[in-house]
Amino acid sequence: MILLTGVTGTVGRLVAERLATAEPVRLLSRDPRRIAALAGPGTEVVGGDFADPVSLAAALTGVRAAFLVTADPLAPAHDEHFVTAARRAGVRHVVKLSARAVAEPDADDLITRRQRDAEDVLRASGVAWTFLRPRAFMSNTLGWARSVRDEGVVRAFHGAAPHATVDPRDIAEVAALALTGAVLPGRAHPLTGPAAISAAQQVAVLSGLLRRPLRLVELTRDQAYEGLLARWPRPVADALLEGAERQGAGAKARVEPAVRTLLGRPARPYRVWARDHLPAFGG
Ligand SMILES: NC(=O)c1ccc[n+]([C@@H]2O[C@H](COP(=O)([O-])OP(=O)(O)OC[C@H]3O[C@@H](n4cnc5c(N)ncnc54)[C@H](OP(=O)(O)O)[C@@H]3O)[C@@H](O)[C@H]2O)c1
C-alpha cells in the first residue's frame, strides 16, 4: 500500500493519477469528500491532517511507501508528526516533495529553511528517504490566467530573469518511480525544466500559442510585495519576495540533468506545458 498526501494539490493529484492503476494506493486529505473523484477501484480514501498525529497513525497503518507534501511553512510540526507516525507504522520509504533552494547555501528565506529542517527530520528518522527538489513549477503561471484572459496583460517582478521552471507532470513521474521502488532511496533529486526561461519569454510563448498579443508589465519591488501580502501572511510574503530577488540575481537559472536521467527523456519545456493548459488562458 502507498499513501499519497497533497492529492488535492498540484503535484499530489498528478501522482495519484499516475499510480491509480499501478498499485494499491490510499489518498489522504483533510476533507476526503474532495478526493472521491480521484479514487479508482484499487484506491482507498482517508481523512487526515498533519496537525493531528492520531489521524496520521491511522492513515499510515499497513503502508509501505508514502508521498509527503507539506505546504505550510508556518507549521514546522507537520513534517515531524508525519515522519514520527511513519516510523512507528513501519513505513519503509518516504518520498518528500522539497525544494531546489534547500541545496543552495545563499538561500536563507523562511520557506527554504523549513524545507531544510524537514529534510533533516526525515534523514534522522531511520526511515529510507527520497527528496524531490524542484525549481518553481511551470503551473505557477496559472496565476496569470485571469489577467491574460481579461486584459491581455501579465504582471511580473524581474520579468527578464531566467528561471529553470519545471513541469509538475515531470515531478509526479519521478515521484511515482521513487514510490514504486524504481529509483533507489537515499538521494536528493534536483528537478528543473530543460532550459531557463524568463517571464517575458513565457509571455511570448503564450502569446504565440493564443495567437494574440500579450503585454508584460514589470512590477516594482513594492508592487510585488504588496501583491504577495494580499495573498500570504507577512512571513511567507517576505520569504517569497526573497526568493524572487534571488531569481532576479540569476540564482535560479541552472538546468539540472536529473529529469532526463531518471525518466530517460528530456524534461518537458514550457511550450508543452502551456499548450496543454491553454484553455485556462482563454485558448
Ligand atoms: N509551487 C512551486 O513553485 C514550488 C516549487 C518548489 C517546491 N514547492 C513545494 O511544493 C509543496 C506544495 O506542493 P503543491 O503545490 O503540489 O501543493 P498545493 O497545490 O499547495 O496543495 C497543498 C496540499 O497540501 C494538503 N494540505 C495542506 N495542509 C494540510 C494539512 N494540515 N494536513 C494534510 N494535508 C494538508 C492539501 O490537502 P487538503 O486541503 O485536501 O487537506 C493540498 O492537497 C510545498 O512544500 C512547496 O514548498 C513548490
Side-chain angles (χ1 to χ4, degrees), residues 3-18 26-39 45-60 66-83 85-86 94-104 107 109-119 121-122 131-144 163-172 174-175 188-193 199 202 228 231-232 236 239-240 242-244 246-247 252 256 270 273:
L3 177 79
L4 304 179
T5 69
V7 291
T8 56
T10 304
V11 177
R13 175 183 297 274
L14 296 167
V15 178
E17 286 169 6
R18 288 201 76 78
R26 188 179 291 159
L27 312 179
L28 178 143
S29 167
R30 287 168 296 179
D31 180 359
R33 285 167 304 180
R34 290 177 61 206
I35 46 176
L38 272 173
V45 164
V46 64
D49 190 322
F50 296 133
D52 173 10
V54 175
S55 72
L56 298 177
L60 285 159
F67 185 51
L68 175 57
V69 181
T70 46
D72 185 352
L74 301 179
H78 283 183
D79 280 86
E80 282 174 29
H81 288 163
F82 189 87
V83 169
V94 172
V95 178
K96 175 179 163 54
L97 185 57
S98 181
R100 178 73 189 95
V102 163
E104 296 167 342
D109 61 90
L110 175 75
I111 296 172
T112 306
R113 287 201 308 273
R114 289 283 192 252
Q115 290 282 24
R116 237 178 237 136
D117 293 348
E119 284 194 2
V121 166
L122 178 51
F131 300 133
L132 307 183
R133 293 179 175 162
R135 197 92 265 174
F137 304 167
M138 291 175 180
S139 53
N140 292 353
T141 59
L142 286 171
W144 300 340
H163 199 175
T165 58
V166 59
D167 189 322
R169 294 173 296 187
D170 288 345
I171 306 171
V174 173
H189 303 287
L191 305 177
T192 71
Q202 288 175 315
L228 291 170
R231 290 185 55 203
W232 305 100
V236 178
L240 292 169
E242 239 177 286
R246 290 183 64 249
Q247 182 194 334
K252 302 188 179 180
E256 302 284 354
Y270 184 72
W273 180 90

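Remember, it's 1-based here, ligands and their atoms both numbered in the order they're listed.
Between F50 and F82, the ring planes lie perpendicular to each other; the angle is over 60°, past the 30° to 60° tilted range. H81 and H78 have tilted rings, their planes meeting at an angle from 30° to 60° on a 0 to 90° scale.
Among the atoms of R34, some N or O lies under 3.5 angstrom from an N or O of ligand 1. Residue-to-ligand polar distances keep L28 apart from ligand 1: every N/O pair is separated by 3.5 Å or more.
Atoms of ligand 1 lying under 4.0 Å from at least one heavy atom of T8, given by number and element, are 36 (C), 37 (O), 38 (P), 39 (O), 40 (O), 42 (C), 43 (O). Annotation for ligand 1: atoms under 4.0 Å from non-hydrogen atoms of V11 are 16 (O).
If you check which protein heavy atom lies closest to atom 44 (C) of ligand 1, you get T70 O, 3.4 Å. Nearest to atom 25 (C) of ligand 1 among the protein's heavy atoms is G6 CA, 4.2 Å. Atom 22 (C) of ligand 1 has its closest protein heavy atom at A71 CB, 3.9 Å. Counting protein heavy atoms only, atom 26 (N) of ligand 1 is closest to R30 NH2, 3.8 Å. In terms of protein heavy atoms, atom 8 (N) of ligand 1 is closest to F137 CZ, 3.7 Å.
Within the 4.0 Å heavy-atom cutoff, R13 does not count among the residues contacting ligand 1. Heavy-atom separations between D72 and ligand 1 are all 4.0 Å or longer. Judged by the shortest distance from any of its heavy atoms, R133 lies outside the 4.0 Å radius around the atoms of ligand 1.
R133 has no carboxylate O lying under 4.0 Å from a charged side-chain N of E256, or vice versa, which leaves the two without a salt bridge.
Of the candidates L132, T165, L97, it is L97 that places a heavy atom closest to atom 11 (C) of ligand 1. Of the candidates V69, L240, L4, V69 brings a heavy atom nearest to atom 12 (C) of ligand 1. Among S98, P32, G9, the residue whose heavy atom lies closest to atom 7 (C) of ligand 1 is S98.
In this structure, P168 and S139 approach most closely via the heavy-atom pair CG-OG, 3.3 Å.
Checking side-chain atoms of R135 against main-chain N and O of T165 turns up no donor-acceptor pair under 3.5 Å.
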